[in-house]
Structures are given as structure tokens and as C-alpha cells.
Amino acid sequence: MSISLSLPRADGGVEAYGLVGTPTERPAAMPGFNRIAYAAAHVVSDPRRDARPWEAPAVDWERTMAFRHHLWSLGFRIAEAMDTAQRGMGLDWAGAQELIRRSLAEAKTVPGADLACGAGTDHLDPASTRSLDDVVRAYEEQVGFVEKHGGRAIMMASRALARIAGSPDDYRKVYGRILGQAKDKVVLHWLGDMFDPQLKGYWGSDAFGPALDAVLSIIEENRDKVEGIKISLLDNACEVALRDRLPEGVLCFTGDDFNYAELIEGDGRKYSHALLGIFDAVAPQASKALASLAAGDVATFRAVIEPTVPLSRKIFEAPTQYYKAGVVFLAWLNGHQDHFTMPAGMQSARGVLHYADVFRLADRANVLDRPELAAARMKSLMAVLGVA
């Protein structure tokens with residue numbers, strides 16, 4: 001049965017669009033990968049209890065945990081309480097604590113489930129930060145919370161540190177202090193200013209070369225405490241430069257939502273593992289691709305994952321920090337939640353043309369798991385937004 005609906009065009013007109021995609025089959029059992037693959041997971045808001053969505057957004061914990069089970073069943077590790085979960089853009093530290101606590105407890109009920117948790121300084125107002133010790137104490141609080149509940153930390157980039165650091169040595173001091181105290185190995189996170197403008201000049205320089213030298217020096221000085229580093233600069237050449245210079249045993253996790261397919265496959269010498277927000281939205285397809293790669297079937301890996309790249313580039317287009325809206329949009333279309341609302345009303349960060357393009361690209365990449373449901377929900381959204 002053919003499915004069609006009306007979608008807006010950039011010229012102001014409307015066109016009939018017929019769906020062409022085929023849903024991706026689910027694995028019979030949790031698949032195995034030869035790459036470490038973290039999916040950065042979103043939270044599901046609860047509009048029925050969301051009286052103040054901008055100030056104190058309510059979370060639907062049942063649906064939020066169910067989505068984590070969905071990711072685990074497909075073979076992913078979860079990167080919890082990261083920017084995909086709207087850290088600092090709707091989810092505050094109190095909400096993140098509850099999310100971390102619940103997810104760590106939930107993981108214990110699932111054989112083979114694994115996760116690591118974002119620890120940053122987002123409860124510290126950058127404007128009121130006066131010293132590096134303020135940043136250290138903030139990191140200590142969050143890393144300590146994760147460890148107290150049995151978790152491993154992903155050391156998120158700090159807006160407060162970016163604001164007050166005067167040189168790469170300041171980053172070295174802060175990271176050295178935190179890594180020296182960590183109980184387990186930590187994943188570092190290099191998040192570019194396209195994701196968060198307040199992180200401009202991270203590691204002490206606006207230029208890539210000096211910033212790379214600075215972060216590599218931190219890793220070298222603390223290599224027994226660093227599992228790896230996620231790099232999110234949306235520039236594959238930068239990632240390869242970092243990857244080629246990492247010490248033996250320190251892993252490179254791609255956070256490049258524009259070029260992840262080629263970076264995960266590798267160049268014949270080295271490859272990247274993955275810690276990606278787009279895996280939240282394309283989990284079945286990424287799971288099938290990664291399982292094929294582990295089986296040595298590179299052709300299937302490419303055939304499945306490469307069509308998701310144009311979709312990811314659309315979702316992560318500038319202003320990139322609003323990519324979260326596209327991720328949750330697809331979760332709604334695919335039936336993982338009953339509504340398209342987000343903490344802080346973030347669904348309003350993108351417009352109708354963006355969502356129409358995401359819908360088309362998701363269909364062509366076989367990402368619409370339940371096409372009839374997706375089309376029905378898209379029709380209802382178009383009606384609300386005034387598309388006849």
C-alpha cells in the first residue's frame with residue numbers, strides 16, 4: 001500500500017510526497033560490534049505535567065528508560081546525560097542527577113548493558129566563576145556523583161572553564177586535578193563551538209593546531225586515567241589528525257555527525273570508535289551497519305549507514321546546537337513517545353521546512369520504522385503548522 005502526504009517546499013508551495021523507504025529489521029539478539037559504539041540518548045518530556053517547560057521541565061521517566069532499553073537491545077552503549085539530553089539547554093544538574101541515578105540502576109537489570117555518564121560544570125554559572133578552583137570543585141561534584149552511583153564519567157567540556165582560562169596551562173591544571181582523582185578511566189570530550197558557542201577557544205586556542213597540542217599534552221600526562229576522547233568538530237581531517245597522534249591504548253571516539261561513516265570504517269590503518277547523538281535517531285540502521293562491519297561485510301555496512309549521513313547533516317545543520325529537535329522528532333515519528341514536545345520547548349527551535357526535509361531524508365534512509373504511523377503523525381504536525 002502506497003503512503004503519501006503533503007509537504008511544504010522552500011518556494012512556499014506544497015507537494016505530494018510518496019514514501020519509498022523500507023523499515024530495517026531488528027536483530028534476533030543483542031548484536032556484537034568490533035567498534036565501541038555509544039549512543040547519546042535524549043530524554044522524553046512529560047507535557048501532561050510540564051507547567052513550566054522553560055524553567056522546570058517535567059520528564060517522563062518511564063518512556064525515557066524505555067528508550068534506553070531500545071538502544072541496549074540494538075547493541076549500543078549509552079552516553080548518558082550528555083548534550084543530546086539537553087544538558088544546559090533544558091535539563092539542569094538536578095534533572096541530570098535523577099537521569100544518571102535511574103539509568104545506572106536500570107542498566108543493572110539488563111544483561112550486557114553498559115553506559116557512561118556526562119559530568120561537567122553546568123551547575124556553575126560561567127559569569128560568576130572567579131577561579132580555576134571553582135571549576136575544579138564543580139567537576140569534582142559531578143564526577144563524584146557519577147562514581148558514587150557506580151558509574152564511569154565522560155568529562156564534558158566546561159563553559160565556565162572556557163570563560164576564565166587564560167592559557168592551555170589552565171586546562172592542564174584543571175584536567176590534571178580531576179583525572180588524578182578519578183576512580184576509573186574517563187572519556188574526554190572535545191566539543192566544538194558549532195555545538196556550543198560558549199566553548200569557543202577550548203583548550204586555550206581558537207586555532208586547531210595549538211588546541212590539539214594542548215589536549216594531547218593533557219592526555220599524555222594522564223594516559224593511565226584516559227580511556228579515550230570524543231571529538232566533535234564536524235571536520236574529518238581534524239579527527240584523523242587527533243587519532244593519528246593519540247598514545248597507544250587511548251581511543252578516538254568520533255562525534256562527527258557529518259562524517260561518521262568513513263571515520264568508523266577507517267582508512268586501512270586506524271579507525272574511530274563512536275559516541276554520537278545521531279545514533280539516537282538511526283539506532284536500528286547503525287546497529288545493522290556495525291554488526292555487518294564486525295562480520296567483515298563492508299559492502300552492507302556502507303549500504304546501510306551511508307544513506308543516514310545526509311539525514312544527519314540536515315539534523316545537525318547550523319545552528320547545530322538545535323540538532324536535538326530533529327532527534328526527538330524522529331523518536332516521535334517512530335513511536336518511542338506519544339508527543340513532539342521537548343524540555344524548554346526546544347521543538348520550536350526548528351521550522352516546518354526543516355522538519356519536512358528531515359522526514360523526506362529519514363524515509364529515503366529507511367529510518368521510518370513504522371511508515372503509516374510516521375505519515376499520520378507528520379500529517380497532524382503539518383496541519384498544526386498550517387500546511388494544507
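All residue numbers in this chain count up from 1 along the given sequence. Heavy atoms only: backbone and side chains are in, while hydrogens, waters and symmetry mates are out.
Here the straight-line distance linking atom OG1 of T109 with atom CH2 of W72 works out to 6.5 Å at 0.5 Å rounding. One distance of note links OH of Y17 with CD1 of I3; it measures 11.0 Å at 0.5 Å rounding. Atom CG of residue L234 and atom CD of residue E317 lie 12.0 Å apart, to the nearest 0.5 angstrom. Distance check, rounded to the nearest 0.5 Å: CG of D170 to CG of L132 gives 4.5 Å. Taking OG from S380 and CH2 from W332, the interatomic distance works out to 4.0 Å, rounded to the nearest 0.5 Å. Atoms CZ and CZ, from R377 and R370 in turn, are 7.0 Å apart once rounded to the nearest 0.5 Å.
One hydrophobic cluster holds both Y260 and V358 under the rule that ILVMFWY side chains link at heavy-atom gaps under 4.5 Å. Cluster annotation: V143 is connected to V226 through the hydrophobic network of ILVMFWY side chains, with a link wherever side-chain heavy atoms come within less than 4.5 Å. Clustering ILVMFWY residues whenever any of their side-chain heavy atoms sit less than 4.5 angstrom apart, transitively, puts L199 in the very cluster that holds Y175. The hydrophobic clustering, which links ILVMFWY residues whose side-chain heavy atoms are closer than 4.5 Å, places L216 and L251 apart.
Counting only distance, with no hydrogens or angles, the side chain of D280 and the backbone of H42 share a donor-acceptor pair below 3.5 Å. Remark: the backbone N or O of A241 is not paired with any side-chain donor or acceptor of R245 at under 3.5 angstrom. Of the possible donor and acceptor atoms, none in the side chain of R243 sits under 3.5 Å from a partner among the backbone N and O of C252. With Y202 contributing its side chain and S158 its backbone, the two residues share a donor-acceptor pair below 3.5 Å. In this structure a side-chain-to-backbone donor-acceptor pair under 3.5 Å is missing from N222 to K225. In this structure, the side chain of T254 engages the main chain of D256 through a donor-acceptor pair within 3.5 Å. Proximity of a side-chain donor or acceptor of K324 to a complementary backbone N or O of Q321 within less than 3.5 Å is detected.
With salt bridges taken as basic N to acidic carboxylate O contacts below 4.0 Å, none links R360 and D363. Between D267 and K270 there is no salt bridge, since no side-chain N of the basic residue sits under 4.0 Å from a carboxylate O of the acidic one. With respect to the salt-bridge test (charged N to carboxylate O, under 4.0 angstrom), the residues E220 and R223 qualify. For the pair R87 and D92, the salt-bridge criterion is not met [side-chain N within less than 4.0 Å of a carboxylate O]. Salt-bridge formation is not detected for the pair R63/D46: no Lys NZ or Arg NE/NH1/NH2 atom is positioned less than 4.0 Å from an Asp or Glu carboxylate oxygen. Under the 4.0 Å criterion applied to side-chain N and carboxylate O atoms, E221 and R172 are assigned as salt-bridge partners. Salt-bridge formation is detected for the pair R159/D196: a Lys NZ or Arg NE/NH1/NH2 atom is positioned less than 4.0 Å from an Asp or Glu carboxylate oxygen.
Annotation for R48: atom CZ does not count as buried by contact number, only 12 or fewer foreign heavy atoms lying within 6.0 Å. In K173, the NZ atom is not crowded: 12 or fewer heavy atoms of neighbouring residues, nucleotides or ligands sit closer than 6.0 Å.
A centroid separation of 6.0 Å or more is found between the aromatic rings of F329 and F359.
Put simply, the side chain of Q285 does not reach to within 4.5 Å of the side chain of K288, judged on heavy atoms. Between Q142 and Q97 there is no side-chain heavy-atom pair separated by less than 4.5 Å. Using a 4.5 Å cut-off on side-chain heavy atoms (C-beta onward), I218 and Y171 make contact. Side-chain contact check for L368 versus L333: some heavy-atom pair is nearer than 4.5 Å. Annotation: side chain of Y271 is not in contact with side chain of L263 (no heavy-atom distance under 4.5 Å). Inter-residue side-chain proximity for M342 and Q86 is flagged as met; some heavy-atom pair is nearer than 4.5 Å. For the pair P371/P23, a side-chain contact is recorded, criterion being any heavy-atom separation below 4.5 Å from C-beta on. Here the side chains of L276 and D257 are in contact, with some heavy-atom distance below 4.5 Å.
For the pair R350 and Y355, the cation does not sit on the ring face, since its NZ or CZ is not both under 6.0 Å from the ring centre and inside 45° of the axis.
Summarising the geometry of H339 relative to S45, their closest heavy-atom pair is NE2-O, 2.9 Å, with the distance given to 0.1 Å. Counting all heavy atoms, side chain and backbone alike, V367 lies closest to L311 at CG2-CD2, 3.9 Å.
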Under the salt bridge (charged side-chain N to carboxylate O under 4.0 Å, His left out) rule, what do R102 and E80 come out as? Steps first, then yes or no, please. CA-CA 10 Å; R102 286 175 178 265; E80 189 57 278; over 6 Å; no
For T341 and Q347, what are the C-alpha separation, side-chain angles and deciding distance, and is it a side-chain hydrogen bond (donor to acceptor under 3.5 Å, both in side chains)? CA-CA 6 Å; T341 63; Q347 70 276 3; 5.5 Å; no
Would W61 and E98 satisfy side-chain hydrogen bond (donor to acceptor under 3.5 Å, both in side chains), going step by step from the backbone distance to the final call? CA-CA 9 Å; W61 293 113; E98 183 70 8; 4.8 Å; no
Go through the steps for F258 and F316 under the test ring pair (Phe, Tyr, Trp, His ring centres under 6.0 Å), then give the verdict. CA-CA 8 Å; F258 282 9; F316 284 79; 7.3 Å; no
Mind listing the side-chain donor-acceptor pairs of residues 150-157 below 3.5 Å, one per line with the distance, residues two or more places apart or on another chain?
{"unit_1": "R152", "atom_1": "NH1", "unit_2": "D114", "atom_2": "OD1", "d": "3.0"}
{"unit_1": "R152", "atom_1": "NH1", "unit_2": "L115", "atom_2": "O", "d": "3.4"}
{"unit_1": "R152", "atom_1": "NH2", "unit_2": "Y38", "atom_2": "OH", "d": "2.8"}

Return a table of donor-acceptor pairs under 3.5 angstrom between the side chains of residues 183-193 and protein atoms on other chains or two or more places apart.
none

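S205 meets the side-chain hydrogen bond (donor to acceptor under 3.5 Å, both in side chains) test with no other residue; sequence neighbours excluded.
Between F145 and H149, the ring planes lie tilted relative to each other; the angle falls in the 30° to 60° range.
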